[in-house]
Asker: 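Dropping the structure in here first, questions after.
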Amino acid sequence: MTLGISAAVLSASMMQLTSCKEVQRENPLLQESTLPFGAPDFSKIQTSDYLPAFEAAIQQTRDEIAKITDNPEPATFENTIVAFEESGKTLDRVSRVFYALVEADKTPELSDIEKKVTPMLTDLANEISFNKALFGRIRQVYDSKHDALQGEDQKLLEETYKDFVRNGALLADDKMARMKEINMRISELQTEWGDILPDATNDAVVWVDNEADLSGLSEADIAQCAKDAESRGGKAPYAIVIVNTTQQPLLASLDNRDLRRKVYEASIHRADGTDKYNTFPLVVEIAKLRAEQAEIMGYPNYASYSLDNTMAKTPDNVYAFLENLISQYRPKADAETKAIGDFAHNPSLTSNPLPPTSQLEPYDRFYYSAKMKKQLLDISDDEVKPYFNVDSVLLNGVFYAANRAYGLTFKERTDIPMYHPDMKAFEVVDKDGKSRALFYCDYYRRPTKRGGAWMDGFQKQSRQWNQQPIIFNVCNSAKAPEGQPSLITWDEVTTMFHEFGHALHGILSDCQYNRLSGTSVARDFVELPSQFNESFATIPEVFDHYARHYKTGEPMPAELKERMLKSINFQTAYALGENLAATCVDLAWHMLSSDQIPTAEEAAAFQTEALNNVGLLDVQIPPRYYTSYFNHVWGGGYAAGYYSYLWTEVLAVNVADVFAQRGALKPETGQEFRDKILSRGNTGDLMQMFTDFTGMKQPDASSLLKARGLAN
């Protein structure tokens, strides 16, 4: 056909030959890659490869498990625990590649495959979790060999045994059967969530007919709106797309109040049933199933079950932590809101004041806060964005800090095939000259990518598996029109540093076992390296190295830099409040017993009541994510765990203080952090790791409010 020959004249022998070639083609997902580091070869992988690869890898995993359970020899650490650790390696490779694309470049074809693969994977997980023969051997080793083992071997045994127990291996048969049903249904619901939410967010676009309505936006932002309109079908000349959070960045600049309202309402109602998308039925069913799951395991609610495996341990500990923050935050938030309201209504302070009879609305807050900041601190996003070119932030900021602190260098690899042309790949070279990892970055938004920013890997570090890490960061910054620089906001700068902190946790891992390496730590510890890495963004030497004008290459002038850095903590009560509110919404859902879960029609009212109960019902400071689009909780792994961002921010601030005291860019300080935290994965007690580096027996929570500029 590629030669232009009509199908009608193809001989039967030629068709037979073609058919044989197709059959003989090796599935690249089932072969070890010949690329550097074993990177996935996207030049060979076809969409049609995924389903047969999953089928083959799942069967291979079943065979590997059967080999363990059929072994007539007594259970030992090697023939049971290490053998179990070795099982599923091919499935791990296939899953990591597939789900990376499902998150970052999800086509309808991938979505269809996901629907087929999800029950297959859940069936396998259930088979393994409730395999009595397998657990019997694991338990035998745990009971007889735990105290005789040391280091990573002992930790691997502990984590393997605990995983089985937490998944229900000790349950009676009838409860095991119900747990299998629950696991399957939750996986189906989360797949459905993963389809609905990106579509709902993409569909929530606000179309704009006239450029005049975009008054207040910069030329670059207006050009981006035009580009976004074109990429989404051109229903109007301009489009304002919705990002994953409640508040939308462009609200800080839009002069048109009615358009601000439309953008805000499109954001908060993207998936709550006001249009064709409604996630509430999914939410309440997931919540009910999780509550039942916890009750089967002997816990009063899912929060208690989930937190039992974290640093916080109990809901009471989390609420005590949050209540302390809320009590100190509330007066600051009220004062901040009053100040913005007074400013907004004062015609002598702003050229576009609110009418005396109009209240300050949530879609007004960013707008007048930005104007207030401009007047008081003489600073605006448009003034500093020319100094935040995404390429410079990456090369001269994120990578530069990693070089100064940890001795890493980064060499771009243009010979590595990638799944999208917007991506870049870098070989990470350690200070001894040895190649340590492969790092990909995928920073620009597109309709096929879910919202938010994240880190993951095509491959984790493991000496047992003889593999080096292949790590990637994904963000959702706007890609500038062709020929223009992609300039980002300060929030997006810190997001790049944040996600690279996660990447370093994977890149610098030095562990024996895949199960324990890299970011395989408790949810309320995993954000420590990422939140800490944000601190490098403001270190003067690092800032001056990347904050350079995209046209001239000149560093940000000292006077502008001083104003900009001073503005970081301007009116920061909002950022803390939206996080606290989202955290409390998450916990409220997961503190319910199975018979307390509201209906889909009651879900919005439940959220309102939950916020009111903790003193966070504030129209001016809504949750960072409302229930209906809270992907961390319903689609991700943060159920009853969104608090961990605040919890680990305390740890991160404490670590940053130690770096500042010892020398933030001193190689000795970075090496110690590598040795005691970044390289360790989940090989030891996490609080002890924190203590070993900081010298602190317990984290100092008071430092959080100081770091955010909310306390002296």
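Predicted model, so just to flag it, every value in this text is computed and none were measured.
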Asker: If you define the side chain from C-beta out and look only at heavy atoms, does anything of Tyr238 sit under 4.5 Å from Ile222?
Answerer: yes

Asker: Would you name the heavy atoms of Val521 and Phe525 that are closest together and state the gap between them?
Answerer: CG2-CD2, 3.9 Å

Asker: Less than 4.0 Å between a side-chain N and a carboxylate O, is that true for Lys561 and Asp544?
Answerer: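 Yes, Asp544 and Lys561 are salt-bridged.
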
Asker: Output all residues satisfying salt bridge (charged side-chain N to carboxylate O under 4.0 Å, His left out) with Lys479, sequence neighbours left out; order by chain, then residue number.
Answerer: Asp422

Asker: Please find the pair of heavy atoms, one from Glu534 and one from Phe497, that lie closest to each other, and give the distance.
Answerer: CA-CB, 4.0 Å

Asker: So that I know where these two stand, are Phe388 and Tyr550 an aromatic pair - ring centroids less than 6.0 Å apart?
Answerer: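 Not under 6.0 Å, so no.
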
Asker: With a cut-off of 6.0 Å (strictly less than), are more than 12 heavy atoms of other residues, nucleotides or ligands near CD of Glu562?
Answerer: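 Check fails, neighbour count at 12 or below.
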
Asker: Ring centroid separation for Tyr642 and Phe630, is it under 6.0 angstrom?
Answerer: yes

Asker: Quiz question: by atom type and distance under 3.5 Å, do the side chains of Ser486 and Tyr443 form a donor-acceptor pair?
Answerer: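 Side chains of Ser486 and Tyr443: no pair found under 3.5 Å.
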
Asker: Check whether more than 12 heavy atoms from other residues, nucleotides or ligands sit under 6.0 Å from atom NZ of Lys431, and answer yes or no.
Answerer: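 More than 12 heavy atoms, drawn from other residues, nucleotides or ligands, come within 6.0 Å of this atom.
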
Asker: What do you reckon, is NZ of Lys89 surrounded by more than 12 foreign heavy atoms closer than 6.0 Å?
Answerer: yes

Asker: How about Tyr574 and Phe366: are their ring centroids closer than 6.0 Å?
Answerer: yes

Asker: I want to know whether Phe659 and Phe532 have ring centres closer than 6.0 Å.
Answerer: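 Ring centroids of Phe659 and Phe532 are less than 6.0 Å from each other.
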
Asker: Using every non-hydrogen atom in the two residues, find where Ile379 and Glu383 come nearest and quote the distance to one decimal.
Answerer: CA-OE1, 3.7 Å

Asker: Of the non-hydrogen atoms in Val94 and Leu29, which two are nearest, and what is the gap between them?
Answerer: CG2-O, 3.7 Å

Asker: Do the non-hydrogen side-chain atoms of Tyr329 and Leu325 ever get within less than 4.5 Å of each other?
Answerer: no

Asker: Any side-chain heavy atom of Asp586 within less than 4.5 Å of one from Tyr643?
Answerer: no

Asker: For the pair Lys460 (side chain) and Asn514 (backbone), establish whether a donor and an acceptor sit closer than 3.5 Å, ignoring hydrogens and angles.
Answerer: yes

Asker: Does some side-chain heavy atom of Phe472 sit less than 4.5 Å from a side-chain heavy atom of Asp442?
Answerer: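 Answer no - side chains too far apart.
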
Asker: Taking atom types as modelled, is there a side-chain donor on Ser530 or Glu527 under 3.5 Å from an acceptor on the other?
Answerer: yes

Asker: Examine the side chains of Gln464 and Gln512 and answer whether a donor and an acceptor come within less than 3.5 Å of each other.
Answerer: yes

Asker: Look at the aromatic rings of Tyr638 and His632 and report parallel, tilted or perpendicular, splitting at 30° and 60°.
Answerer: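 Aromatic pair Tyr638/His632 classed perpendicular.
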
Asker: Flag this pair as yes if the NZ/CZ of Arg662 is under 6.0 angstrom from the six-membered ring centre of Phe693 and inside a 45 degree cone about the axis; otherwise no.
Answerer: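 Output yes; distance and angle both within limits.
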
Asker: Looking just at side-chain N and O atoms, do Thr448 and Asp105 make a donor-acceptor pair shorter than 3.5 Å?
Answerer: yes

Asker: Any carboxylate oxygen within less than 4.0 angstrom of a Lys/Arg side-chain nitrogen, looking at Asp382 and Lys374?
Answerer: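 Lys374 and Asp382: not salt-bridged.
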
Asker: Can we say Asp228 and Arg446 salt-bridge, meaning some charged N sits less than 4.0 Å from an Asp/Glu carboxylate O?
Answerer: no

Asker: Looking at Asn466, I want to see if its CG is surrounded by more than 12 non-hydrogen atoms of other residues, nucleotides or ligands under 6.0 Å.
Answerer: no

Asker: Using distance alone, with no hydrogens and no angle criterion, decide if Asp41 and Ser43 have a side-chain donor and acceptor under 3.5 Å apart.
Answerer: yes

Asker: For the pair Arg365 and Glu336, find out whether any cationic side-chain nitrogen is under 4.0 Å from an anionic carboxylate oxygen.
Answerer: yes

Asker: Between Asp510 and Arg674, is there a salt bridge with N-O shorter than 4.0 Å?
Answerer: no

Asker: Please say whether more than 12 non-hydrogen atoms of neighbouring residues, nucleotides or ligands are located less than 6.0 Å from CD in Glu219.
Answerer: no

Asker: Would you call the rings of His498 and Tyr645 parallel, tilted or perpendicular, where under 30° means parallel and over 60° means perpendicular?
Answerer: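 If you compare the ring of His498 with that of Tyr645, the planes turn out parallel.
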
Asker: Are Arg548 and Glu554 close enough for a salt bridge, meaning some N to O gap below 4.0 Å?
Answerer: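 Judged by the 4.0 Å cut-off on N to carboxylate O distance, Arg548 and Glu554 do not form a salt bridge.
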
Asker: Does atom CD of Glu230 have more than 12 heavy-atom neighbours from other groups under 6.0 Å away?
Answerer: no

Asker: Would the distance check show the side chain of Ser392 and the main-chain N or O of Asn389 forming a donor-acceptor pair, the cut-off being under 3.5 Å?
Answerer: no

Asker: Would you please say whether a donor-acceptor pair under 3.5 Å links the side chains of Gln461 and Ser509?
Answerer: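 Looking only at side-chain atoms, Ser509 and Gln461 do form a donor-acceptor pair, the distance falling under 3.5 Å.
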
Asker: Find out whether Val650 and Phe321 are in side-chain contact, i.e. whether some heavy atom of one side chain is under 4.5 Å from a heavy atom of the other.
Answerer: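 Yes. Closest side-chain heavy atoms under 4.5 Å.
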
Asker: Considering all heavy atoms of both residues, which atom of Glu492 and which atom of Ala478 are nearest to each other, and what is their separation?
Answerer: OE2-N, 4.4 Å

Asker: Less than 3.5 Å apart, any donor N or O on the side chain of Asp221 or Ser218 sitting next to an acceptor on the other?
Answerer: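 Yes, side-chain donor-acceptor contact under 3.5 Å.
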
Asker: Using the salt bridge (charged side-chain N to carboxylate O under 4.0 Å, His left out) definition, which of the options Arg413, Arg436, Lys411 pairs with Glu427?
Answerer: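 Only match with Glu427 under salt bridge (charged side-chain N to carboxylate O under 4.0 Å, His left out): Arg413.
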
Asker: Would you please say whether a donor-acceptor pair under 3.5 Å links the side chains of Glu578 and Tyr625?
Answerer: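 Short answer, no.
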
Asker: Looking only at non-hydrogen atoms, find the nearest pair between Ala39 and Ile416 and report the distance.
Answerer: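 Minimum heavy-atom contact is CB-CG2, 4.4 Å.
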
Asker: Just checking, any donor-acceptor pair under 3.5 angstrom between side chains of Asn654 and Ser703?
Answerer: yes

